[in-house]
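Here the structure is laid out as structure tokens; the discussion comes afterwards.
Order of appearance sets the numbers: ligands from 1, and atoms from 1 within every ligand. Below, all heavy atoms of this structure are taken into account, side chains as well, without hydrogens, waters or symmetry copies.
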Amino acid sequence: MNKMISIIIDGKEINAEEGRALLWVALENDIFIPNLCAIKEKARPSASCRLCFVEIEGHPRPVTSCTQTVADGMVVKTRTPEVDRLVTTAFELLLSDHRLGCSKCPKNKACALQRIAKERKLKLKPKRLNKFVKDYPIDDSVDVFVLDRNRCVLCGRCVWADHHIAKVGAIGFSQRGIKRKVSTFGDKLLSDSSCIQCGECVKVCPVGALSFKENHKDKV
Ligand code: SF4
Ligand code: SF4
């Protein structure tokens with residue numbers, strides 16, 4: 001264990017292990033920082049969702065808290081006009097191609113997007129950007145879960161769980177830009193892939209893109 005140090009986040013003094021990622025230190029101390037792609041066990045964060053910005057005294061601009069390690073005496077603010085601007089822009093971009101429909105979504109009331117919107121007083125239906133709603137067919141070809149790419153935020157957590165927890169390698173990302181999506185090898189249905197239906201990918205999905213069929217009931 002590294003030595004313990006002291007930092008201040010939003011005026012609250014916190015003891016933390018030197019070298020840990022600021023994001024996890026904040027979350028473990030009940031200080032909310034928006035995030036979608038972060039995985040505690042992952043050694044090198046992907047920092048792809050661009051939601052976990054904070055300001056640190058002495059730094060010229062906001063930094064992503066998942067990539068920032070804590071150091072003694074660090075003074076952090078999770079809310080500043082510049083942080084809020086960056087988070088709002090990233091959140092609106094994420095939702096610009098998201099197929100909303102929370103009441104019929106299996107993740108309703110347990111969704112990371114809903115939590116971020118509530119905590120930061122952001123709208124799930126941003127008006128600033130033109131909406132390009134995804135229109136992928138839903139893959140419900142396996143018994144245990146459903147993959148709805150129209151609700152995917154491309155966080156990569158399912159791919160990491162498939163590769164590093166399940167150690168199967170059934171899914172990955174294919175295509176680039178707005179066509180980027182979670183795919184099986186050869187873009188086949190899950191039932192025609194090497195998926196073993198262990199559900200590890202479903203457990204880490206922060207939104208309603210991967211969901212257990214038992215949670216659908218009257219929804220879908
Ligand atoms: S993924 Fe979240 S924001 Fe999207 S429809 Fe489902 S509950 Fe709503
Ligand atoms: S399916 Fe879920 S876990 Fe996988 S990339 Fe999309 S949102 Fe993330």
* Structure fact -> Per-atom filter on ligand 2: closer than 4.0 angstrom to a heavy atom of Cys155 are 3 (S), 5 (S), 7 (S), 8 (Fe)

* To do: Determine whether more than 12 heavy atoms belonging to other residues, nucleotides or ligands lie under 6.0 Å from atom NZ of Lys12.
  => yes

* Can you sort out which atoms of ligand 1 are near Arg151, meaning under 4.0 Å from one of its heavy atoms? => 5 (S)

* Going by the atom numbers of ligand 2, which of them fall below 4.0 Å from some non-hydrogen atom of Ala209? -> 1 (S), 2 (Fe)

* Structure fact -> min-distance protein heavy atom vs atom 2 (Fe) of ligand 2 -> Cys205 SG, 2.4 Å

* Hey, looking at atom 3 (S) of ligand 2, which of Cys158, Cys49, Ala161 has the closest heavy atom? -> Cys158

* Atom indices of ligand 2 within 4.0 angstrom of Val182 heavy atoms, with elements -> 5 (S)

* Asked: Which atoms of ligand 1 have any heavy atom of Val207 under 4.0 Å away?
  -> 1 (S)

* What do we get for Val153 next to ligand 2 when only non-hydrogen atoms under 4.0 Å count, side chain, backbone, both or neither? -> both

* Numbering as shown, the atoms of ligand 2 that approach Cys152 to under 4.0 Å (heavy-atom distance) -> 1 (S), 5 (S), 6 (Fe), 7 (S)

* To do: Evaluate whether atom NZ of Lys181 has more than 12 neighbouring non-hydrogen atoms of other residues, nucleotides or ligands under 6.0 angstrom away.
  => yes

* To do: Considering non-hydrogen atoms only, spot the tightest contact between Glu55 and Thr80 and give its length.
  => OE2-OG1, 2.8 Å

* Output the list of atoms in ligand 1 that are nearer than 4.0 Å to some heavy atom of Cys111, sorted by atom number. => 1 (S), 2 (Fe), 3 (S), 7 (S)

* Within 6.0 angstrom of Gln175 CD, more than 12 heavy atoms from elsewhere -> yes

* To do: Mind listing the closest non-hydrogen atom pair of Ile39 and Trp24 along with its distance?
  => C-CZ2, 3.6 Å

* Asked: Any idea which heavy atoms bring Leu189 and Ser141 closest together, and the distance?
  -> CB-OG, 3.7 Å

* Structure fact -> Note: Leu154, heavy atoms under 4.0 Å from ligand 2, region reported as backbone

* Look at atom OH of Tyr136 and say whether more than 12 heavy atoms of other residues, nucleotides or ligands are closer to it than 6.0 Å. => yes

* Asked: Are the side chains of Phe132 and Ile178 in touch, meaning some heavy atoms are under 4.5 Å apart?
  -> yes

* Atom indices of ligand 1 within 4.0 angstrom of His98 heavy atoms, with elements -> 1 (S), 3 (S), 4 (Fe), 5 (S)

* **Which of the ligand 1 atoms, numbered from 1, are nearer than 4.0 Å to a heavy atom of Gly208** => 1 (S)

* To do: Return the residue, atom name and 0.1 Å-rounded distance of the protein heavy atom closest to atom 6 (Fe) of ligand 1.
  => Cys105 SG, 2.4 Å

* Could you establish whether Leu210 and ligand 2 come within less than 4.0 Å of each other, counting only heavy atoms on the residue side? => yes

* From atom 8 (Fe) of ligand 1 out to just under 2.8 Å, does an N/O/S atom of Cys102 turn up? -> yes

* **Exercise: do Ser174 and Ser183 side chains pair donor with acceptor under 3.5 Å** => yes

* Asked: Do you know which two heavy atoms are closest between Cys37 and Ser48, and how far apart they sit?
  -> SG-N, 3.4 Å

* Asp143 and Lys213: salt bridge (Lys or Arg N to Asp or Glu O under 4.0 Å), yes or no, with the steps? -> CA-CA 8 Å; Asp143 294 334; Lys213 284 192 172 173; 5.5 Å; no

* Asked: Any idea which atoms of ligand 1 are less than 4.0 Å away from a heavy-atom of Gly101?
  -> 5 (S)

